[in-house]
Number of protein chains: 2
Amino acid sequence: MNEALQQLPLRIEAQKLEKAAFILKAIGHPIRLAILDLLDQTNQMHVSELQEKLDIEQALLSHHLIKMKDKGVLLAVKKGKYIYYSIADPSMIRIIDCIAQCKAL
Amino acid sequence: MNEALQQLPLRIEAQKLEKAAFILKAIGHPIRLAILDLLDQTNQMHVSELQEKLDIEQALLSHHLIKMKDKGVLLAVKKGKYIYYSIADPSMIRIIDCIAQCKAL
DNA sequence: ACAAAATATTAACATACTTTTATATGAATG
DNA sequence: CATTCATATAAAAGTATGTTAATATTTTGT
């Protein structure tokens, strides 16, 4: 990203812009938003539970979960057979709430 | 997107998920967030003003503006020589504020 | 140890996004 | 009316993303 953005009269600093864009890109997909919505409600769920709710291919769900985990959006904790996913950062929920309440959508 | 999502116990309905994802994808880029930040502060700006602030290629800026306009994020009004862009929906600003204030970023 | 269940990994493909360079359009001005 | 300024469009190239299908890994129960 452009260096010059560093000295701009933006309310959001360049580094934050990068991070925000990174997060938005990481969650900007219907399946991912659905996952976040479910995890926000239930605190945590394992993959099979999510798969049942979402009714999508196992590999596809796994892919989305891992991508979000890799990008720091989700946490994964293995408990025996299952892997429980949860939302990494509570402030993430505010973005989701914001979307959920956004009348424009 | 998966039909079955329609009957899910999600707080956010399937259609809203699609729209939200669409918007998030449309704004999930550092340059676009910077544009939104500037437009939010100034209400409206024409392309040259934005270009000066952002210091990026004219064609690149034009591309981002038009994409956001096509996706309903921005409005464009031609006044003689200039084209003024503004944020289409005020509730969009809440998402941006949310991002700006998000400590996690 | 074996089979089944839960999840990840890989490869392949299609599609979409970002950027650059070059060119076109249309409005304003001397 | 020719030029300059503001902006868009097009083409090309590189990169990233989403999806499917097939296979592998790990854990559990028998």
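In the text below, chain A, chain B and the rest are named by the order of the sequence lines, each starting its count at 1.
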- Query: Roughly, in whole Å, what's the span from OH in A:Y82 to P in C:dT7?
  - Reply: 7 Å
- Note on the structure: Taken to the nearest whole Å, CD1/B:I83 to P/C:dA28 is 12 Å
- Message: Rounded to whole Å, please give me the gap between CG in A:L50 and P in C:dA6.
- Response: 13 Å
- Message: OP1 or OP2 of D:dC5 versus the side-chain N and O atoms of B:S48: is any pair under 4.0 Å?
- Response: no
- Once you round it to whole Å, what is the distance between P of C:dT9 and CG of A:L65? 12 Å
- Within this structure, what is the CD-to-P distance between B:Q51 and D:dC5, rounded to whole angstrom? 13 Å
- Task: Determine whether any donor atom in the side chain of B:Q58 lies under 3.5 Å from an acceptor atom in the base of D:dA6, or the reverse, and answer yes or no.
- Result: no
- Touch class at under 4.0 angstrom, heavy-atom based, for B:Y84 against every strand present: nothing
- Query: Taking C-beta and beyond as the side chain, do A:E13 and A:K19 meet within less than 4.5 Å on heavy atoms?
  - Reply: no
- Without swapping roles, check the side chain of A:T42 against the backbone of A:L38 for a donor-acceptor pair under 3.5 Å. yes
- Within this structure, what is the NZ-to-P distance between B:K67 and C:dA16, rounded to whole angstrom? 11 Å
- Message: Ring-plane angle category for B:Y82 and B:H46, please: parallel below 30°, perpendicular beyond 60°, tilted otherwise.
- Response: parallel
- Task: Round to the nearest Å and state the distance from B:M68 atom CE to D:dA8 atom P.
- Result: 12 Å
- Query: Any side-chain N or O of B:H63 less than 4.0 Å from the OP1 or OP2 oxygen of D:dT7?
  - Reply: no
- Task: For A:I56 and D:dT19, give me the distance from atom CD1 to atom P, rounded to whole Å.
- Result: 8 Å
- A:L60 has its side chain closest, among D:dT20, D:dA8, C:dT7, to D:dT20
- Task: Please determine if a side-chain N or O atom of B:H46 lies less than 4.0 Å away from the OP1 or OP2 oxygen of D:dA8.
- Result: no
- Message: At less than 4.0 Å, is any side-chain N or O atom of B:K79 found next to OP1 or OP2 of C:dA28? Yes or no.
- Response: no
- Note on the structure: Side-chain contact check for B:E57: nearest option of C:dT20, C:dT19, D:dA8 is C:dT20
- Query: Using a cut-off of less than 4.0 Å, is there contact between a side-chain N or O of B:H64 and OP1 or OP2 of C:dT19?
  - Reply: yes
- Note on the structure: A:K78 has its side chain closest, among D:dT20, C:dA27, D:dT27, to D:dT27
- Message: Between A:K25 and B:K81, which residue's closest nucleotide on DNA chain D lies nearer the 5′ terminus?
- Response: B:K81
- Any side-chain heavy-atom pair from B:K25 and A:K25 closer than 4.5 angstrom? no
- Item | N/O (side chain, B:Y85) to phosphate O (OP1/OP2, D:dA6) under 4.0 Å | no
- Looking at every strand, decide which applies to B:L61 at a 4.0 Å heavy-atom threshold: base, sugar-phosphate, or nothing. nothing
- Of the listed nucleotides D:dT7, C:dA22, C:dT7, the one nearest the side chain of B:S62: D:dT7
- Message: Ring of A:F22, cation from A:K71 - is the NZ or CZ under 6.0 Å from the centre and inside 45° of the axis?
- Response: yes
- Message: Can you tell me which residue among B:V73, B:L75, B:V47 is in a side chain to side chain contact (heavy atoms under 4.5 Å, CB included) with B:Y85?
- Response: B:V47
